Number of protein chains: 2
Amino acid sequence: MTADEVARVLGVSQSTISRAFTATASISDEMRTRVMATAAELGYQPNVIARSLMTRRTNIVAIVLPNLTDPFYAVILDELTQRLQPRGCQTLLFVPTPGQEVDEILPTLLQYQVDGIIITSATVSSSMARACAKRETPVVLLNRYVPGLEIHAVSCDNVAGGRQMAEFLLGQHHRRPAFVTGQLRASTSMDRQSGFVARLKEDGVECLIEQGGDHTYQAGFDAALRLMRQSNPPDAIFFASDIMAFGGMDALRRNGFIIPDHVSIAGFNGVPMAAWASYDLTTIRHPFSQMADAALELLGFGDAEVASSPTTRLIHGELMDRGSTMSRSPELKRVRG
Amino acid sequence: MTADEVARVLGVSQSTISRAFTATASISDEMRTRVMATAAELGYQPNVIARSLMTRRTNIVAIVLPNLTDPFYAVILDELTQRLQPRGCQTLLFVPTPGQEVDEILPTLLQYQVDGIIITSATVSSSMARACAKRETPVVLLNRYVPGLEIHAVSCDNVAGGRQMAEFLLGQHHRRPAFVTGQLRASTSMDRQSGFVARLKEDGVECLIEQGGDHTYQAGFDAALRLMRQSNPPDAIFFASDIMAFGGMDALRRNGFIIPDHVSIAGFNGVPMAAWASYDLTTIRHPFSQMADAALELLGFGDAEVASSPTTRLIHGELMDRGSTMSRSPELKRVRG
DNA sequence: TGACTAAATGCATTCGTATGCATTGTTGAC
DNA sequence: GTCAACAATGCATACGAATGCATTTAGTCA
């Protein structure tokens with residue numbers, strides 16, 4: 001069913017059908033009503049593919065996520081789609097397979113003529129960034145930023161988050177903290193670590209560094225055991241992400257450790273699960289809502305003008321003080337054993 | 001950058017450019033190589049929107065999910081996209097807002113000329129099903145089926161799953177089981193309940209029914225407390241879904257109950273989290289992988305011919321016997337107190 | 001060598017909609 | 001009553017690629 005057929009039935013031109021479906025077009029109310037009635041009757045719906053060819057807008061935004069198993073990305077995807085749908089935009093989802101680079105899949109996304117691309121927790125080469133700029137397809141990195149790269153970015157301030165957590169754990173009199181890394185080259189993990197370590201150092205406190213490997217439950221599980229089984233175990237473990245902390249807590253409890261009595265546990269992300277009673281995890285909560293707003297604004301979907309020059313928005317996270325950490329002050333120690 | 005421009009640079013026709021990008025087209029190897037080289041140099045990529053207009057294939061599959069916060073849907077989405085991407089298909093995601101019916105959003109999806117639609121945990125009206133059939137857009141319901149509706153469906157056998165769980169809990173000598181429902185009208189929840197209750201009845205065991213309200217952590221949390229605070233509490237609680245069971249377990253533990261000593265807990269879905277040490281939840285595991293395979297096959301993405309008549313595939317789940325349930329045999333009871 | 005076949009390429013049209021321009025009809029102001 | 005301004009509509013074309021058909025070229029066989 002095409003606009004042509006509807007036009008024939010009504011004895012008008014195809015242009016009139018098209019105008020009836022265009023809010024700003026010049027068409028009489030009566031004609032629009034008639035067209036709509038006939039269209040509904042015949043089951044006509046404009047073909048947005050054909051429309052896109054003319055308007056050069058697809059109303060599709062591509063979102064690239066490294067995986068769907070980490071609840072962190074589920075939250076991000078949720079926040080983004082909830083904002084896009086009211087604007088008449090659809091979400092084209094892309095999950096690179098483990099070995100796949102984002103650079104490889106970007107051409108595919110561009111082929112789809114998407115109106116914008118949001119890339120989470122990954123970066124792109126400068127040549128690919130230029131290719132997108134040339135096509136005027138806006139790209140925003142979410143949860144990653146690369147200084148000097150010609151591209152918009154929105155991220156939680158990971159360095160500041162690391163510092164906040166250090167400050168908090170120092171305030172609770174921890175003297176032997178550990179940090180468990182995520183992926184080695186991930187700036188998110190590295191930034192959290194550097195902020196954390198730097199702030200500890202200011203108080204003359206050393207930090208154990210344990211390689212997690214990747215942001216998974218299992219990685220956290222294994223790392224926690226390695227840390228606690230060494231001769232001089234930490235009194236607090238700060239994991240690069242919540243999901244690793246969950247793994248760590250489960251590993252320790254299964255092996256007889258009491259949290260937070262034997263060791264304090266902290267995470268980073270602030271996923272909803274972190275508030276669940278089983279974990280009750282002290283963490284730095286990402287400003288999910290603000291991050292989604294900022295990402296869409298930089299994509300050009302906001303009301304404000306978009307700065308043409310690449311902009312990086314760093315947003316502060318919020319420390320959630322929960323039950324997985326406790327003060328190591330001498331008084332409390334005596335009470336809790 | 002269009003095929004026309006590449007053609008001009010090479011001094012050939014636009015048809016030749018198109019043929020170079022079509023595997024089956026008649027074109028010399030030498031010419032294809034030249035075209036590809038020039039295309040790469042100029043940064044030309046075929047516009048799949050324009051292509052779709054001619055080929056009537058978009059290589060886009062729409063997936064409708066009720067939410068992203070339940071890990072169950074994250075797993076489903078993950079399984080589906082991982083199968084679609086190697087086939088050159090993209091995933092167009094749609095998450096209806098709470099009040100929104102799937103019937104309302106289907107027209108939007110059809111406008112995008114998607115090659116197929118997968119609808120999870122919801123159904124469509126028969127008139128809408130007919131509209132899709134008319135357009136020859138295949139539709140598959142996933143995790144829901146409606147007998148008599150002219151539409152393909154793939155679902156875990158919920159009645160059988162309920163029976164399996166009843167059988168298992170009876171085998172563990174539970175005599176006062178309870179079932180916590182999900183959404184009232186959801187067939188998934190009702191079927192699990194009916195299978196569960198029917199099998200219990202065969203052994204003359206009554207079942208408490210507690211209304212959960214919806215498939216959320218909080219609903220499970222509240223329902224568990226209501227159940228255990230009554231004068232004659234159950235010795236086992238079977239929740240309509242894993243996420244509700246997690247809420248239930250957290251609620252009970254926070255209130256001093258020991259699981260499974262005081263009460264056995266079981267769920268349904270078999271999400272990865274159910275295997276985590278904190279919950280170690282006995283559950284019926286959905287055959288996620290088989291379900292995804294079946295859904296894509298019915299969409300016409302498999303190797304086999306698709307039956308033209310609407311087909312319902314019911315796949316059996318697998319009972320995962322874990323630590324959240326324990327035998328109530330007299331001997332054990334004495335040991336564990 | 002000539003005719004016949006197959007491969008390679010160009011030409012022209014098509015997919016379904018949007019839109020600039022021309023045309024017609026209507027209204028209002030002087 | 002006349003003319004301007006504007007609203008409403010039709011006509012024709014464009015968007016970018018795919019493809020049926022016609023044409024050319026090369027290759028094959030008798």
Side-chain angles (χ1 to χ4, degrees), chain A residues 1-36 38-39 42-60 88 107-108 110-115 134-137, chain B residues 1-36 38-39 42-60 88 107-108 110-115 134-137:
Chain A
M1 184 56 53
T2 69
D4 256 319
E5 303 184 55
V6 180
R8 208 170 309 137
V9 170
L10 274 168
V12 299
S13 74
Q14 176 263 321
S15 309
T16 301
I17 310 303
S18 168
R19 292 194 175 103
F21 283 89
T22 308
T24 58
S26 171
I27 187 174
S28 66
D29 288 348
E30 186 221 338
M31 178 61 87
R32 174 170 277 141
T33 310
R34 284 177 58 205
V35 170
M36 288 309 193
T38 311
L42 299 178
Y44 168 74
Q45 292 267 116
N47 180 330
V48 301
I49 296 294
R51 173 184 291 166
S52 298
L53 205 52
M54 274 299 292
T55 61
R56 301 169 161 289
R57 292 208 81 220
T58 51
N59 289 318
I60 294 178
T108 308
L110 290 174
Q111 284 191 313
Y112 276 87
Q113 318 295 119
V114 294
D115 291 346
K134 206 170 169 186
R135 298 181 56 132
E136 298 185 7
T137 303
Chain B
M1 183 57 54
T2 69
D4 257 320
E5 302 185 56
V6 179
R8 209 170 309 136
V9 170
L10 274 167
V12 300
S13 75
Q14 177 262 321
S15 310
T16 301
I17 310 303
S18 169
R19 292 193 175 104
F21 283 89
T22 308
T24 58
S26 173
I27 187 174
S28 67
D29 289 348
E30 186 219 337
M31 179 61 86
R32 175 169 277 143
T33 310
R34 284 177 57 204
V35 169
M36 290 308 194
T38 312
L42 299 178
Y44 168 75
Q45 293 268 116
N47 180 329
V48 300
I49 296 295
R51 172 185 291 165
S52 299
L53 206 52
M54 275 297 293
T55 61
R56 303 174 157 287
R57 293 208 79 219
T58 51
N59 289 317
I60 295 178
T108 308
L110 290 174
Q111 284 191 317
Y112 276 88
Q113 318 295 117
V114 293
D115 291 346
K134 206 169 168 187
R135 300 181 55 132
E136 298 185 7
T137 303

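All chains are named by letter (A, B, ...) in the order of the sequence lines, taking the proteins before the strands, and each is independently numbered beginning at 1. Please read these numbers as outputs of a predicted model, since none were measured by experiment. For the numbers below, each heavy atom of this structure counts, side chains included, while hydrogens, waters and symmetry mates do not.
Among the heavy atoms of the strands, none lies under 4.0 Å from Val48(A).
A close approach under 4.0 Å does occur between a side-chain nitrogen or oxygen of Arg56(B) and OP1 or OP2 of dG16(C). In terms of phosphate contacts, Thr16(A) brings a side-chain nitrogen or oxygen within less than 4.0 Å of OP1 or OP2 of dG10(D). Phosphate contact (OP1/OP2 of dA17(D), side-chain N/O of Thr55(B), threshold under 4.0 Å): absent. Side-chain N/O atoms of Ser18(B) include none lying less than 4.0 angstrom from OP1 or OP2 on dA17(D). OP1 or OP2 of dG16(D) has not a single side-chain nitrogen or oxygen of Thr2(B) nearer than 4.0 Å.
If you take CG of Asn47(B) and C1' of dG16(D), they are 6 Å apart, rounded to a whole angstrom. Rounded to an integer number of Å, the gap from Arg19(A) CZ to dC11(D) P is 11 Å. For the pair Tyr112(A) OH and dA17(D) P, the computed distance is 15 Å after rounding to whole Å. Per the geometry, CD1 belonging to Ile49(A) stands 13 Å off P belonging to dA18(C), to the nearest Å. Taking atom CD1 on Ile17(A) and atom C1' on dT19(C), their separation rounds to 15 Å, with Å as the unit. Atom-to-atom, CG of Asp29(B) to P of dT9(C) comes out at 10 Å; the value is rounded to the nearest Å. Nucleotide dG16(D) holds its C1' atom 9 Å from the CD atom of Gln113(A), rounded to whole Å. For Arg51(B) and dA18(D), the CZ to P distance is 4 Å, given to the nearest whole Å.
Proximity note for Tyr44(A) (side chain, C-beta onward) versus dT9(D), dT17(C), dG16(D): the nearest is dT17(C). If you check dG16(C), dT9(C), dA8(D) against the side chain of Ser28(A), the one that comes closest is dA8(D). Closest to the side chain of Gln14(B), from the set dC11(C), dA17(D), dG16(C), is dA17(D). The nucleotide whose nearest atom lies closest to any side-chain atom of Ser26(B) is, among dG10(D), dA7(C), dC15(D), dA7(C). Residue Met31(A) places its side chain closer to dT9(D) than to any other of dT9(D), dA12(D), dC11(C). Out of dT9(D), dA18(D), dG16(C), the shortest distance to the side chain of Leu53(A) is found at dG16(C).
Under the 4.5 Å side-chain criterion, counting only non-hydrogen atoms from C-beta, Gln45(A) is not in contact with Met1(A). A 4.5 Å side-chain heavy-atom check between Thr22(B) and Ile27(B) finds every atom pair outside the cut-off. Taking 4.5 Å as the limit, some side-chain heavy atom of Ile49(B) sits within range of a side-chain heavy atom of Thr58(A). Counting only heavy atoms from C-beta outward, the side chains of Gln113(A) and Arg56(A) never approach each other to under 4.5 Å. Glu5(B) places none of its side-chain heavy atoms less than 4.5 Å from the side chain of Leu42(B). Looking at Asn47(A) and Thr2(A), their side chains never come closer than 4.5 Å, going by heavy atoms from C-beta outward.
For dT19(D), the base has no donor-acceptor partner in the side chain of Thr22(B) [N/O atoms by modelled type, under 3.5 angstrom].
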